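Computed over heavy atoms, backbone and side chain alike; hydrogens, waters and symmetry mates excluded. The model shown is predicted, which means the values in this text are computed figures rather than measured ones.
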Amino acid sequence: WITSQSTVIWRSPSAFMSTTARIERPIRRWISWVRPDCFPCAASRRPRVWVDTLAPSVNVSNLATGDTRTTPLGELVGVVVPRTSGGFIAATQSGFRTLDLPGGEMQPIAAPLHMSGRRFNDGKCDAAGRLWAGTLAIDAAPERGALYRLDTHGVLDEIESGFHICNGLGWSPDNTRFYLADSGRRTIYVYDYDLDTGTVTNKQVFARFADADGMPDGLAIDAQGHVWCAMWDGWAIKRFAPDGTLVRSIDLPVPRPTNLAFGGPQLKTLYITTARIRLSATQLAAAPLSGSLLALEVDVAGTPVGGYGG
């Protein structure tokens, strides 16, 4: 593993909260919070696991020391989640694969048809242990994104196709609603969700954004059922009530937040990954924390996110 260390503190101008940003490496995407008992490290250190999509790697950050250990991977990776049986599952450029850490060895589980020119993007497990993940075209061409469900027996189903950029997703605390962001369409959708069968129905628009707002990227749901969304090119994260009403917008010192995950002992730390890809030297000079991992202490805890049950 490659180990790096660098830390910088950023204080939010908002009276609502302060933030701490730790610069590890330029990163693209955050994965769901990994419980300490799911990872071979002392529980008190509470490592945070994230992936760098475009410089493919899985990274384990010890926020107490600032150390990050990096495992390079051989293909583009969108999301990694722990398995309840041990190890990890990765959704990658070629499909779903088992992942061994720290070695980085991967073995195929299942793959959609016609993955050429596409890759998996964001993903998360429902409360029954199914892994849901979406795709996009590598060249970001419209209508090539799709949503998939990998059940705990390794059976893969395509749930819906025709998305532009299938992105952040999550469930309400009572598991009756499913949220999905399509970044290219600047829209978050909400569905009715049946946890017993793992099916979605009754698709509706939850929130739609103007060009000036940026694009909805990663999502996280808190214990009050509010939806937090990272706004790519929007310099902000936003919090929506269950009825879709915007209740809070928090400015960030970076233009491209990419994803959100609740962590910490009480799930009241909101971790935010950010990107620096395709930002000019002038833009990076104005937003030097681009590519950093940010952390916000919030008043409402997040909902727990579990691992893959297969």
Side-chain angles (χ1 to χ4, degrees), residues 1-13 19-32 48-63 66-73 75-80 92-93 119-123 136-140 165 167-168 181 183-184 186 209 211-220 228-238 249-261 263 269-296:
W1 287 11
I2 304 167
T3 302
S4 62
Q5 179 174 351
S6 179
T7 304
V8 64
I9 303 299
W10 168 67
R11 296 294 178 188
S12 168
T19 69
T20 300
R22 295 180 183 271
I23 296 179
E24 305 293 350
R25 293 182 51 161
I27 54 182
R28 175 62 180 88
R29 179 132 342 257
W30 175 256
I31 68 168
S32 303
R48 301 295 176 259
V49 181
W50 49 272
V51 301
D52 190 326
T53 296
L54 302 182
S57 61
V58 180
N59 304 271
V60 182
S61 294
N62 185 324
L63 301 190
D67 291 339
T68 293
R69 294 180 291 181
T70 298
T71 300
L73 300 180
E75 58 182 293
L76 300 179
V77 57
V79 63
V80 170
T92 71
Q93 187 174 351
R119 67 170 177 84
F120 273 98
N121 196 23
D122 206 346
L136 76 159
I138 293 175
D139 64 1
I165 299 174
N167 218 321
S183 299
R186 299 180 186 269
F209 302 91
D211 290 355
D213 295 324
M215 295 186 290
D217 204 320
L219 303 181
W228 292 80
C229 181
M231 299 303 300
W232 175 275
D233 279 341
W235 295 81
I237 58 175
K238 297 182 183 293
S249 182
I250 300 173
D251 293 338
L252 298 177
V254 296
R256 292 181 171 175
T258 59
N259 215 335
L260 307 156
T269 302
L270 184 61
Y271 293 98
I272 307 162
T273 50
T274 69
R276 60 190 291 124
I277 186 172
R278 293 189 294 274
L279 294 177
S280 67
T282 300
Q283 290 172 311
L284 289 172
L289 293 184
S290 295
S292 300
L293 171 62
L294 308 180
L296 299 173

Tell me the closest heavy-atom pair linking [X] and [Y], and the distance in Å.
| X | Y | value |
| --- | --- | --- |
| N59 | S57 | ND2-OG, 3.1 Å |
| W235 | P257 | N-CD, 4.5 Å |
| L284 | S290 | CD2-CB, 3.9 Å |

Between atom [atom1] of [X] and atom [atom2] of [Y], what is the distance when rounded to the nearest 0.5 Å?
| X | Y | atom1 | atom2 | answer |
| --- | --- | --- | --- | --- |
| L270 | I237 | CG | CD1 | 5.0 Å |
| R276 | S292 | CZ | OG | 8.0 Å |
| L289 | L252 | CG | CG | 10.0 Å |
| I165 | M215 | CD1 | CE | 5.5 Å |

Are side-chain heavy atoms of [X] and [Y] found at a separation under 4.5 Å?
| X | Y | value |
| --- | --- | --- |
| T68 | W50 | yes |
| P253 | L294 | yes |
| V79 | V77 | no |
| P56 | P72 | no |
| R186 | D211 | yes |
| L260 | W228 | yes |
| Q93 | I138 | yes |
| R119 | T92 | no |

Determine the sole option in T258, N259, T274 for which the side chain to side chain contact (heavy atoms under 4.5 Å, CB included) test with W232 is passed.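 The residue from T258, N259, T274 that satisfies side chain to side chain contact (heavy atoms under 4.5 Å, CB included) with W232 turns out to be T258.
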Give the intermediate values and the outcome of side chain to side chain contact (heavy atoms under 4.5 Å, CB included) for residues L296 and I272. CA-CA 8 Å; L296 299 173; I272 307 162; 3.5 Å; yes
Would you kindly say whether S183 and D217 are connected by a side-chain donor-acceptor distance under 3.5 Å? no
Residues D233, R256; criterion salt bridge (Lys or Arg N to Asp or Glu O under 4.0 Å); working and verdict: CA-CA 5 Å; D233 279 341; R256 292 181 171 175; 2.6 Å; yes
Quick one: list whatever passes salt bridge (Lys or Arg N to Asp or Glu O under 4.0 Å) with D139, sequence neighbours left out.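 Counting only residues at least two positions away or on another chain, D139 forms no salt bridge (Lys or Arg N to Asp or Glu O under 4.0 Å).
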Test side chain to side chain donor-acceptor pair (under 3.5 Å) applied to Q283 - qualifying residues, sequence neighbours left out: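 Q283 satisfies side chain to side chain donor-acceptor pair (under 3.5 Å) with S280 only.
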